[in-house]
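Quick note on labels: first sequence line is chain A, next is B, and so on, each numbered from 1.
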Amino acid sequence: LFDTFLDSVPLIFDPYRLGLVVVGVLIGTVIGILPGLGGTVGMAVLLPFVFGMDPYAGVALLIGMKVVTNTADTFPAVLLGVPGSGGVQATILDGYPMARKGQAGRALGAAFTSSLLGGLIGATFLLALLPVARPIVMAMASPELFMLTFLGLTMVAILSQGSMLTGLLAALLGVMIGFVGAAPNAPIYRYTYETLYLYEGFSIVVVALGLFAVPEIVQLLAAGKSISKVPPAGLTGQRQGMLDALRNKWLILRSSMIGAASGLIPGFGGGAADWMVYGLAKQTSKGGRETFGKGDVRGVIAPDAANNSKDGADLVPTLLFGIPGGASMALFLVGLISFGIQPGPSMLDPERNLDVTYVIIWTLAIGNIAATAICFGLARYVARLSYIPPATFMPFLIVLIVLAAYQSTREWGDLVTLVLFGVLGYVMKELDWARVPVLIGMVLGPAAEGFLVISWQQYGWTWLARPLVLVFAVVLAAILLSSFVGGRRSRKRRTAAALEEASR
Amino acid sequence: MRNRAAVTKPHLVFALLVLAVFVWGFIEATGFAAQGRELPLLVSSVGTVLSVLLLVSYVRRMKRTASADAVTSGDVREALLGSRLSGGDAVADSADIMQQVEDEEDEEIPPRRVAIVSAWILGYLVGIYVLGFLLASTIFVIMCLRVEAKAGWIRAVLSGVAVFLFVDTFNYLLGIRTPESVLDLWIF
């Protein structure tokens with residue numbers, strides 16, 4: 001294995017292939033910065049161009065593009081509060097408040113550094129795990145996957161401690177929204193009213209754009225004030241952000257490992273991992289309960305590290321079993337097959353395709369480094385957006401958001417959905433209802449339903465006694481208990497502080 | 001800035017709407033086939049119960065706020081009376097408080113502005129429906145920059161043209177689709 005690993009070095013460091021990595025990274029950067037366009041769009045765009053290329057070159061282009069989208073989509077998330085893609089929603093919670101405090105540069109610096117480290121950890125994880133991944137993936141059946149998604153849903157309890165009741169209701173609303181469309185395990189459509197657009201359910205990207213981007217745009221344009229409330233001193237904070245990330249190396253390591261582990265499980269989805277690491281970071285970071293959501297740099301570091309690390313692990317089920325972890329990996333699979341490579345055990349066979357596997361790992365590492373360098377270079381200029389009066393650039397952003405929303409299913413229903421969820425997001429924001437749980441519920445609710453029904457059909461009650469299910473149940477109980485106890489302590493501290501303030 | 005903890009009528013109306021959604025979701029779910037209805041029934045019934053709890057807590061908090069307001073206004077009357085009797089400090093304090101409230105109210109976004117911005121966005125969508133994405137986007141950017149950003153005609157028109165070229169280029173390079181319009185259907 002090691003010999004093949006070394007043999008793969010000249011394959012990727014060939015100037016032509018290295019150039020293709022850079023081309024992929026540049027295209028991915030543009031796609032990542034534009035809200036709503038993610039790795040899937042990039043794959044779809046590049047796929048026609050890779051037919052006829054040699055496998056190493058094609059892989060370099062596709063993976064180079066894919067890795068950077070998860071780094072570049074931090075720009076709109078931090079600067080505009082707009083989720084560039086599904087995987088960056090948790091970054092907004094602290095990244096955008098940082099930009100409003102004039103710390104856009106610091107937030108971006110921290111995000112890019114943690115993305116780089118997360119990406120490298122993900123690549124290393126892939127390298128280390130390939131030989132032993134098969135039994136681990138096979139151990140994850142529906143009951144374990146249900147417990148994992150349920151674990152993600154409990155993050156609602158942590159993320160909405162301001163008002164647990166409204167947080168839970170928002171999450172249940174999200175689950176209800178997720179029910180719209182085809183039922184996962186029964187031949188029926190739910191809440192569709194014979195409307196063709198609703199048959200596939202609402203797109204998470206359009207809902208996220210509506211809930212987060214539209215209210216922010218309306219408020220900024222109506223108020224006529226720039227995003228940042230303080231003078232442009234924050235542009236110089238990139239170095240500070242980098243140092244913040246390096247200081248939180250254990251947080252990055254932990255978040256990356258969770259991200260990578262989630263990527264390993266086909267169909268689990270990286271979005272769940274982002275929320276999970278965000279919730280855990282809030283739970284376990286010193287003073288996190290008070291500062292997270294108000295512009296704590298650790299709230300940017302954790303989800304960004306997880307988001308990038310899962311790219312490496314995402315490839316494990318794709319390469320070893322031919323099971324794509326998501327839409328972009330499905331397209332990547334099409335690319336591999338077009339090169340004449342059949343995913344499966346051959347990807348670990350030194351006589352057959354192991355060198356391609358190693359080229360993918362190298363591309364992940366090189367792509368991440370190139371992506372970070374490009375984003376750091378651009379940050380200084382892009383961060384200026386947060387100091388410009390909104391009326392001068394919001395019209396462009398509105399055009400982009402409408403265009404991005406329309407790419408979801410390319411039907412007018414996307415735009416209607418955008419407006420409806422925009423109104424809902426605005427009302428929720430005005431009334432102080434947390435909007436994040438809606439997304440968590442929407443992403444994880446239907447997945448949990450699918451896994452639960454299969455578990456029930458296959459194992460009856462016995463699924464509850466499976467060893468891994470019990471382990472996850474203990475973790476779940478520990479998180480809920482510590483959230484409850486921590487919440488009480490936090491409330492006591494706040495009350496004591498308020499009393500002390502009043503007595504002065 | 002608003003008092004974030006206060007419960008207002010819009011809170012109550014929104015909670016009622018949320019309750020209505022869950023009740024409606026429950027009624028609809030009873031008509032679904034087996035294996036597709038269990039979770040919708042469970043989620044909508046839990047949502048209904050929680051919505052009722054929220055409504056009850058909102059009504060209670062509104063009542064508490066109303067009685068607290070009555071006490072506070074009594075205090076203010078007493079303070080103002082005291083200031084008339086003793087003069088000086090109390091008047092100065094209340095003036096400071098008024099100034100602070102006025103400053104905080106300045107941060108509120110006027111509903112008229114919100115309505116205007118919403119009208120821009122809806123107008124843009126109607127424009128897309130009638131004229132098509134390219135044309136509507138170009139006109140929207142030009143007009144929005146002219147009216148909202150008070151930009152000069154040259155800058156506004158150049159920006160509009162830039163948007164046109166950007167969308168058209170992306171349309172060509174990335175195969176990005178744009179919504180069909182009445183004009184498209186009429187011409188082609």
Heavy-atom pairs under 4.5 Å with chain A, option from B/Ala15, B/Ser159, B/Gly25 with the top count: B/Gly25
Any A/Tyr426 side-chain heavy atom under 4.5 Å of B/Ser118 side chain: no
Where A/Tyr191 and B/Pro40 come nearest, the two heavy atoms and their spacing: OH-CB, 3.8 Å
Closest-packed option against chain B by number of heavy-atom pairs under 4.5 Å, given A/Leu418, A/Leu221, A/Leu415: A/Leu221
Nearest heavy atoms of A/Val399 and B/Ser137, plus distance in Å: CG1-OG, 3.9 Å
Side-chain heavy atoms of A/Phe179 within contact of B/Val43, under 4.5 Å: yes
Winner by heavy-atom pair count (cut-off under 4.5 Å) against chain B, out of A/Asp414, A/Val175, A/Val214, A/Val218: A/Val218
From CZ (B/Arg37) to CZ (A/Arg190), nearest 0.5 Å: 12.0 Å
B/Ala29, part contacting chain A, at a heavy-atom distance under 4.5 Å: both
Side chain / backbone / both / neither for B/Ala151 at chain A, heavy atoms under 4.5 Å: neither
Which portion of B/Val18 sits near chain A, non-hydrogen atoms under 4.5 angstrom: side chain
Segment of B/Glu180 engaging chain A (4.5 angstrom heavy-atom cut-off): backbone
Spacing of CZ belonging to A/Phe396 relative to CZ belonging to B/Phe140, to within rounding of 0.5 Å: 10.0 Å
Side chain, backbone, both or neither of B/Ile116 within contact of chain A (heavy atoms, under 4.5 Å): neither
Pick from A/Thr392, A/Ile217, A/Val419 with the largest number of heavy-atom pairs that fall under 4.5 Å of chain B: A/Thr392
Residue part contacting chain A, namely of B/Tyr129, when any heavy atom lies under 4.5 Å: both
Proximity breakdown for A/Val427 and chain B, heavy-atom pairs closer than 4.5 Å: side chain
Interchain contact, B/Val46 with chain A, by part (heavy-atom threshold 4.5 Å): both
Proximity breakdown for A/Ile177 and chain B, heavy-atom pairs closer than 4.5 Å: neither
Options A/Met428, A/Glu411, A/Gln219, ranked by heavy-atom pairs under 4.5 Å with chain B, top entry: A/Gln219
Nearest non-hydrogen partners of A/Trp433 and B/Leu54, listed with the distance: CZ2-CD2, 3.3 Å
Contact check, side chains of B/Tyr58 and A/Leu165, non-hydrogen atoms, under 4.5 Å: no
For the student: nearest non-hydrogen atoms of A/Trp412 and B/Leu125, plus distance: CH2-O, 3.5 Å
Heavy-atom contact with chain A under 4.5 Å, split by part of B/Arg112: neither
Exercise: identify the closest heavy-atom pair between A/Ala183 and B/Gly36: CB-CA, 4.5 Å
Choice from A/Val423, A/Leu173, A/Leu452, A/Val453 maximising heavy atom contacts with chain B below 4.5 Å: A/Leu173
B/Ile109 side, atom CD1; A/Glu430 side, atom CD - distance, nearest 0.5 Å: 6.5 Å
Closest approach of A/Met176 to B/Ser44 (non-hydrogen atoms, all atoms of both residues): CE-CB, 4.0 Å
Proximal component of B/Leu17, with respect to chain A [non-hydrogen, under 4.5 Å]: neither
